[in-house]
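Order of the sequence lines sets the chain letters (A, B, ...), proteins ahead of strands, with each chain counted from 1. None of the values given here were measured: they were computed from a predicted structure.
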Amino acid sequence: MKIATFNINGIKARIEALPRWLNEAQPDVVCLQEIKSIDENFPRELFEEMGYRVETHGQKSFNGVAILSKYPLSDVTRGLPGDETDEQARWIEALVEGPQLVRVCGLYLPNGNPAPGPKYEYKLAWMARLEERMKALLALEEPVIFLGDYNVIPQAIDAARPEAWTEDALFLPQTRAAFRRMLNLGLTEAVRTRNPAQGLYTFWDYQANSWERGNGIRIDHLLMSPQAADLIEETGIDKDVRAGDKPSDHVPVWVRLAA
DNA sequence: ATGGTTGCCGCGCAA
């Protein structure tokens with residue numbers, strides 16, 4: 001079972017690139033971020049015709065997350081618990097009823113810039129709520145994957161030019177400490193645990209020829225519960241997608257599980 | 001490089 005995360009930066013803008021990648025990569029489950037669409041405008045039929053179930057948690061213009069799955073989805077939850085006043089669509093959770101029962105939590109963690117400021121405070125508060133949700137689901141001792149755009153550069157080796165990010169909300173010490181706390185709950189970061197190499201990136205800014213210059217960062221992650229980590233067979237970053245026609249600024253990241 | 005680019009039912013903002 002192949003499970004992926006992909007920040008598409010707008011479903012309308014990716015109406016060709018996303019199906020193209022789905023046909024090539026054949027993932028069973030995909031968590032999408034930044035669909036930038038309300039539920040009613042999401043082209044669900046397009047993906048249903050490709051054999052996917054579709055669950056969305058949309059928002060007008062900004063944010064918005066979704067899950068595509070070749071297997072039935074149940075127990076769908078929209079919105080990260082812990083703050084009833086939070087209106088931003090950044091969290092969707094579902095139980096995938098495949099050969100393995102796996103819970104997937106698709107997340108779009110706030111960017112947080114500029115820092116310091118209210119946006120950074122919101123990011124840190126959101127990360128605290130995420131940690132609480134992780135604790136609650138880890139207590140079930142079942143396969144769970146928390147995957148998406150974390151907007152966190154975990155270490156200096158996760159940026160081509162780490163010195164350019166020292167004041168950025170994606171790389172500030174408080175941000176990295178909050179991410180480290182999540183790993184310390186007992187979660188395994190799928191890509192890094194399988195590949196310690198430098199130069200693994202998942203995002204290249206549209207600006208300043210970042211892609212051509214190799215100026216990337218690694219901010220899209222899959223965090224696995226112990227029961228999910230035990231099933232990992234392979235991980236990957238579909239870097240070539242960034243060189244395709246009308247690409248997102250992020251590329252897909254995936255894990256293949258046993259069975 | 002105080003710029004640069006992309007997407008959003010835009011009229012600036014978020015990334």
In numerical order, the residues of residues 30-45 of chain A whose heavy atoms come under 4.0 Å of DNA chain B are A/K36

Expressed as a whole number of Å, how far does the C1' atom of B/dT5 sit from that of B/dG10? 16 Å

Residue pair A/D249/A/N209 against DNA chain B: nearer the 5' end by closest nucleotide is A/N209

Between B/dC9 and B/dA14, how far apart are the two P atoms, rounded to whole Å? 16 Å

TODO: Would you classify A/R90 as touching base, sugar-phosphate or nothing, given that sugar-phosphate means primed atoms plus P, OP1 and OP2, and contacts are heavy atoms under 4.0 Å?
DONE: sugar-phosphate

Discussion item. A cation-pi test, strictly: NZ or CZ of A/R90 under 6.0 Å from the centre of the six-membered ring of A/Y108 and no more than 45 degrees from its axis. Yes or no?
Written reply: yes

Rounding to the closest angstrom, what is the interatomic distance between B/dT2 and B/dA15 at atom P?
24 Å

Could you check whether any side-chain N or O of A/R192 sits under 3.5 Å from a backbone N or O of A/N195, counting only pairs where one atom can act as donor and the other as acceptor? yes

Honestly, is A/R176 close enough over A/F171, meaning NZ or CZ under 6.0 Å from the six-membered ring centre and within 45° of the axis? yes

Do A/H221 and A/F146 have ring centres separated by under 6.0 Å? no

field: Distance under 6.0 Å and angle within 45° of ring axis: A/K70 vs A/Y52
entry: yes

For atom P, what is the distance between B/dG3 and B/dG7, given to the nearest Å? 23 Å

Ranking A/N9 and A/N63 by the position along DNA chain B of their nearest nucleotide, the one closer to 5' is A/N9

Only one of A/T202, A/V241, A/I8 passes side-chain contact (heavy atoms from CB on, under 4.5 Å) with A/P252, and that residue is A/V241

Item checked: Salt-bridge present (A/R218, A/E189; N to O < 4.0 Å) -> yes

**Prompt:** Is A/R20 atom CZ crowded by more than 12 heavy atoms from other residues, nucleotides or ligands, each under 6.0 Å away?
**Reply:** yes

Margin query: So A/Y108, base contact, sugar-phosphate only, or nothing? Heavy-atom distance under 4.0 Å.
Written below: sugar-phosphate

Next on the checklist: Checking A/K119 against A/N111: is there a side-chain donor and acceptor pair closer than 3.5 Å?
Outcome noted: no

So the contacted stretch of DNA chain B, first to last nucleotide with an atom under 4.0 Å from a non-hydrogen atom of chain A, runs from B/dG4 to B/dA15

